[in-house]
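Start at 1 and go down the list; that is how both ligands and their atoms are numbered. Residue indices begin at 1 and follow the sequence shown.
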Amino acid sequence: MDKKQAKERIEKLKKEINHHRYLYHVLDRQEISEGALDSLKNELFKLEQEFPELTTSDSPTQRVAGKPLEKFKKVEHSSPMLSLFDAFSPEDMRDWEERTRKLLAPSPSPSREREGGYYAELKMDGLAMSLIYEKGFFKIGATRGDGRVGENVTQNLKTIEAIPLKLRIPAEAELKKIGLNQAQTREIIDAAENGRIEVRGEAIMHLKTFNDLNKKYKKESKSLLANPRNAAAGSIRQLDPKITAERKLDFHVYALVTDLSLTKHEEEHEVTKLLGFKILKQNKFCKNLDEVIKFHDYWEGHRDQVPFECDGIVVVVNDLKLWPRLGIVGKGPRYMMAYKFSAEQATTKVEDVVWQVGRTGILTPTAVLTPVRVGGVTVSHATLHNMDEIQRLELKIGDTVILERAGDVIPKVVQVLPKLRTGKEKEIHVPKKCPMCEGEVVRVPGEVAYRCPNENCYAVNLRRLMHWTSRGAMDVEGLGPKIIEQLVKVGLVSDISDFYKITEGDLKSLERFAEKSSENLVNAVQSKKEADLARFLFGLGIRHVGEETAGDLAELLSAKLPKKNIVEIHDLIKVVKDMHKEDWEEIADVGPIMARSISEWFHDSHNLKLLGKLEKNGVKLAIKQESKKTKKQALSGKIFVLTGSLEGLTREEVKAKIRELGGDVSSSVSKNTDYVVAGSEPGSKYDKAKKLGVKIIGEKEFLEMIK
Ligand code: IVH
């Protein structure tokens, strides 16, 4: 994106985010989920990082949210109640660690271990509160407000049992047990008894309370609470403490604001616990970022075991000495980070819409998306069901959309954000011609569906896909017929280039796919992205081109392609576009019919488009520089036929070995056959070889030969 485009996008994002934040924080109303809003904020943040000169002081990334309500007395905070910067991936977290490292020591420290470690906490989805105790008594409880001035909600907070009305005075021995010295111990006890102590924490509503209340309200025909966070906010920011009491809120402390000469953030938690506050039992000291990431991933997967909503973890540099050195910038401290769990909704762009042909010929649209993390996985496709759904969403290609993946349900586009349009978006039309067979598409009378009436279309395409992943071609482990059919059905794959776009997240929601199998399949596909040219040509399924011929074509083409081990597909396109039937006939075993078929394949616009898509999706061509003819080889010119099953090697391995050493493999025995390699239980080829007097060798002998 250039600067001008970035500026336009930033302006649009700012407007949209501000609109939703106003609804959410000031009016306690919500039009899009917090996850979707976070996604927009994250895009804005990333753009501003790329173009720092476009960051303005009114940007939502620079601001602490909220405005105090008029109805409560105002409280000026002793120090600003800040926000946190968000991270969404391990990379974001590593970037943050790197930034803090640079700030602390201009030259990078050789140790990957963060001195003093991190303290990792669950990030509760509730309301930030400041609690002030004087001479041990709870005096003022305030909301965050705009960060500088909050609302005095003391009376309401007094109804929350988790908030002590009087501090507990810790015993000296207890404080010593957590590693504090005499001076620290004295200071804490003195502040608790005679001084002023401020803590900050989160007021939350447990999910069970939320559900029970809503059940009750439903019975009483009262309006329902939108979500636990809103419910907690509503409970505290209203004028009748009785209602707060009824709503049964909980409270956990996450910060000790008063300086009590402690040296670690973890100690602050232990001390506040001894002062009578609840702290989260899940919180954990982590000695490095790897442990932090493990903590994050564990709780992301076990969110349902926490009785309240949490939307991520808060990671804090544990050594308090480092805090002033890292400082505060914009809306938050640099010594803390919110590492978010991936939300069930996120925003992304629809890059294209492709049409799948199903078994009955029905065409189904699928949105191809800019990959995005949602519901804990990265997703790159979403089904759009049919044209009606596209019209209902008013979706265009290029639109920013809200994508949802809740639980293990297949991801779906739930909303378009039309205000983020640039004017370059394209209307979506049902293709006039079938994307698979180019036959005329017809509308199913009386239905919303369109179909390809060619009865063979689906089966032919399926065979094409299976051929591409088969042993002799790309040889992708785990991509057998059943799985391919499943991928076609759910709209993830319509042509061979689609295999390379599939992410783990696309698979995880599907039947038969667990975490590990999704990962394995994506890895298997990706590991074959550098395709051997001969296998690639065979995989294309050009009529009459078998494995042998594909090898010969590869040899001819290698001589014309750039002299590199890896070449791009557009290099191949350039070469084949200039070649005609006669050029292919130069190959000894290629006759006029085969030459015509090859030439036609490479001049067909549909096929060239497919090659372009393969390139776009990262497929490259691996070229063997030494051709059969230039290298002096052990099996040069020898023709082999295989029969029976071999023990040590697979048939594919044997074939590859023979070709590598300059030999050829034929499927039938003739006078020209030099050797028949016979394994156990050989078939009729064995008898024919005997009849023709062709030399028959066993597996052992063959292995000797190729040694
Ligand atoms: S530390 C500078 N720890 O998240 C703010 N915050 O997005 C320091 N939150 O306003 C906050 N759980 O309301 C911290 N374990 C936790 C938290 C937590 C929830 C909230 C808090 C804060 C917001 C920042």
Atom indices of ligand 1, in the order listed, that fall short of 4.0 Å to a heavy atom of [X]:
X	value
Glu121	3 (N), 15 (N), 16 (C)
Leu82	2 (C), 5 (C), 10 (O)
Ser83	2 (C)
Ala128	10 (O), 13 (O)
Pro333	2 (C)

Indicate whether any N or O donor in one side chain lies under 3.5 Å from an N or O acceptor in the other, for Glu34 and Asn227. no
So, His265 and Glu268: side-chain donor and acceptor under 3.5 Å apart, yes or no? yes
Gap between atom [atom2] of [Y] and atom [atom1] of [X] - 0.5 Å precision:
X	Y	atom1	atom2	answer
Met129	Leu127	CE	CG	4.0 Å
Gln182	Glu172	CD	CD	5.0 Å
Ile204	Leu122	CD1	CG	9.5 Å
Ile140	His77	CD1	NE2	10.5 Å

Would Phe88 and Phe45 count as a ring pair (Phe, Tyr, Trp, His ring centres under 6.0 Å) if you check the C-alpha gap in whole Å, the side-chain angles of each, and the deciding distance to 0.1 Å? CA-CA 12 Å; Phe88 293 91; Phe45 181 71; 8.9 Å; no
Side chain, backbone, both or neither: which applies to [X] and ligand 1 if a contact is any heavy-atom pair less than 4.0 Å apart?
X	value
Met336	side chain
Lys123	both
Met81	neither
Met124	both

Salt bridge (charged side-chain N to carboxylate O under 4.0 Å, His left out) with Glu16: which of Lys419, Lys41, Arg9? Lys419
Would Leu122 count as a contact residue for ligand 1, given that I'm defining contact as a non-hydrogen atom of the residue lying under 4.0 Å from a ligand atom? yes
With a 4.0 Å cut-off on heavy atoms, is Arg200 in contact with ligand 1? no
For atom 21 (C) of ligand 1, state which one of Tyr254, Tyr335, Tyr119 supplies the nearest heavy atom. Tyr254
Of all the non-hydrogen atoms in the protein, which one sits nearest to atom 10 (O) of ligand 1, and at what distance? Arg144 NH1, 3.1 Å
Could you identify the single nearest non-hydrogen protein atom to atom 20 (C) of ligand 1 and state the distance to 0.1 Å? Glu202 OE1, 3.4 Å
Would you confirm whether the ring centroid of Tyr119 sits within less than 6.0 angstrom of the ring centroid of Phe285? no
